[in-house]
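Taking it in order: structure first as structure tokens, then the write-up.
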Amino acid sequence: MQLPEATNFIEQIINEELEAGKFESRGNLIQVRFPPEPNGYLHIGHVKALCINFGVKEKYHGKLNLRMDDTNPAKEDYEYVNSIIEAIKWLGFEYDKLVFASDYYDELYAIAEKYIMEGNAYVCDLSAEEITATRGTLTEPGTNSPYRNRSVEENLKLFREMKAGKYPDGAKVLRAKIDMSSPNINMRDPVIYRIAHVPHYRQGDKWCIYPMYDYAHPLSDAIEGITHSLCSLEFENHRPLYDWVIEKAGFPAPVPRQIEFARLNITNMLMSKRYLKKLVDEGFVRGWDDPRMPTLMGLKNRGVPPEALKKFCADVGVAKNYSVVSLAQLDECIRDELNKTAERAMAVFDPVKLTITNYSGEEELDFEINPLDGSGATRKVKFTGTVYIDRDDFALNPPPKYKRLTVGSNVRLKAAYIVRCDDVVLDENGEVKEILCTYFPETRSGSEVKSEVKAKGVIHWVDAKYGKDVQVRRYKPLLKDEEYPDQDYAERLDKESETIFYAKCEPYVAEGEDEKPYQFMRTGYYKKCTDGGEAVLSEIVTLKDNFNK
RNA sequence: UGGGGUGUCGCCAAGCGGUAAGGCACGGGAUUUUGAUUCCCGCAUUCGUAGGUUCAAAUCCUGCCACCCCAGCCA
């Protein structure tokens, strides 16, 4: 059989198993799953797991189930399942089936009775505190529960009464009977069912006992016929239990195999649910989908293309090393994608007026929409000879190697003419108020006429008559408040995480469609949107700037 | 001081006994109506560390060191 080339250790394992014929009985069908608990929003950390799982599905022409791991009714809701589905859809991944762990409750319950009948589980009356106390420590073994040797009949009766609602929360649990002296604490008779008189968002109050993750997850995998259960490193300690649960349930081979990989961390990126929730709850951000949030809906709102996230995951790779990837690597992937796809446009963030003294009238110039897409397509830009340029595109005292406008030098106005600065008008504070130039008609952009006039650099501009006012929003990474012990977190967030100011841009941009990303020369990628009827340019990522290095 | 993991360039990461891929970052140069992009060129005599086996070790063996995870009726 023709095996695809493995690009990471997980695929290597799968290839080896395939080669050994492990899955011949099921037609070599590889099956994986993505199992979020619907208790929060997906964030960039989840993209890695998504890419790995969907990567396996595609590579081996296998199947992938999106499974809501909803075994804790206290925290889960449809709001989250919907947002998870929406996020996955946005990324462009297509799963084969949407399933819910809660759909297996009946089957899971039946397996629990089987455990009891075969002496692999018992009902324990110890309180949560007592269970903790008898579990032992990292270095000392635990002690057996006094209820550990109840008869099968008594266990069955008690368990059925638990299910029937005879006992209050916490009164009893069902425990796996494994080994209280195991060096692996997860094997010290873990709780597999608890009583919780809490309605389930899908099951209503059909149940008052709910299975624990360590029990429900492996069995869900087995029930679905999952071949590879990919999860993060912190579950390595659970693998023996994962295997035990499936073995005692008696599923036939090939049984699912859990493989762990390192989760994604990014410098300066807050990803723990706890902090994100705090930011939302305390109003530091506008919501889970605020463009500053690392949630997928936040990233989408920010204007990050899903392709960039996939490339990022591919670049970062899959391994078991604990790692923290630098944010620059993500930014580079976003730029790479946007550079190929975003329209070019002009906007001036810190405007200063530039008047061409020898120009009169008005004309339309051709502006190339994207020099990289090969189409050569252009659009019209109106020009009246009086424009705004960016304040730092002009220098009274130019630093070395400065390529833009200075008194007495030439510069090209992008898509228009080369101009020479003759004079400058300063205000009472010595700030540049107006720049006076003359232009060279023969240097009109696209002109065939050879001109002796040269310019060192090119700058962008917005016509003074036609330019529009826009609100600009720029962002800085959200950091944990712990990282700023001496500052007030709220104040810092207000001041730094979002900067709002007004700028000038082309009417084409201000009046263009929402959610469209643009590249502005030397400043960066911005998404145009409308907020309260006002045109807003919202920062996606900056452009590289080699001048300031 | 129990158990499970991980240590290869500033950050990721290949490598699987035959003499250190690639990406990001960084430095230099060329092209450019974006100081962007593109394009060259440079960037680990060394793989946590100390020994050992071998003609040959990042890869095998042994000891040590560092870091991460586990004592929820969370997932």
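Only this structure's heavy atoms are used, side chains among them; waters, hydrogens and symmetry mates stay out. It should be emphasised that the depicted structure is a prediction, and the values quoted were computed from it without experimental measurement. Chain letters run A, B, ... following the sequence lines, proteins first, then strands; residues in each count from 1.
Atom CZ of A/Phe261 and atom C1' of B/rU6 are 16 Å apart (whole Å).
Listed by residue number, the members of residues 308-318 of chain A with any heavy atom below 4.0 angstrom from RNA chain B are A/Asp315, A/Val316, A/Val318.
Residues passing the ring pair (Phe, Tyr, Trp, His ring centres under 6.0 Å) test with A/Phe312, sequence neighbours excluded: none. Here A/Lys310 pairs with nothing under the side-chain hydrogen bond (donor to acceptor under 3.5 Å, both in side chains) rule; sequence neighbours left out. In this structure, A/Tyr322 has no side-chain hydrogen bond (donor to acceptor under 3.5 Å, both in side chains) partners at least two apart in sequence or on a different chain.
If you take atom C1' in B/rU6 and the same atom in B/rG52, they sit 24 Å apart, rounded to whole Å. Distance check on atom P: B/rG22 versus B/rG63 gives 36 Å, rounded to whole Å. Comparing the P positions of B/rU37 and B/rG27 gives a spacing of 13 Å, expressed to the nearest Å. Taking atom P in both B/rG18 and B/rA58, the straight-line distance is 11 Å, to the nearest Å.
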Inset, instruction - Summarise protein proximity over nucleotides 35-43 of chain B in one line of letters, 5' to 3': B for base, S for sugar-phosphate only, - for none, counting protein heavy atoms closer than 4.0 Å. - result: BSS------
Inset, instruction - Treat primed atoms plus P, OP1 and OP2 as sugar-phosphate and everything else as base, then score nucleotides 68-75 of chain B 5' to 3': B for base contact with protein heavy atoms under 4.0 Å, S for sugar-phosphate contact only, - for none. - result: BBBBSBSB
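When the nucleotides B/rC16, B/rC12, B/rG4 are ranked by their closest atom to the side chain of A/Ser323, B/rC12 comes out on top.
Under the Watson-Crick or G-U wobble criterion, with both distances below 3.5 Å, B/rA44 has no partner in any strand shown.
Counting any heavy atom pair closer than 4.0 Å across all strands shown, A/Gln12 reaches a base atom. Counting non-hydrogen atoms under 4.0 angstrom, A/Ala415 reaches a base of the nucleic acid. Residue A/Gly446 is classed as a base contact, given a heavy-atom separation below 4.0 Å to a base.
Because its NZ or CZ atom is not both nearer than 6.0 Å to the ring centre of A/Phe547 and within 45° of the ring axis, A/Arg522 does not count as a cation-pi partner of that residue. Under the 6.0 Å distance and 45° angle rule, A/Arg202 counts as a cation-pi partner of A/Phe100.
With a glycosidic angle no further than 90° from 0, B/rG72 counts as syn.
Within the 3.5 Å criterion, the main-chain N or O of A/Ala347 finds a donor-acceptor partner in the side chain of A/His460.
By the 30° and 60° cut-offs, the orientation of the rings of A/His217 relative to A/Tyr242 is tilted.
Remark on RNA chain B: of its neighbouring residues A/Ser445 and A/Ala328, the 5'-side contact belongs to A/Ala328, judged by nearest-heavy-atom nucleotide.
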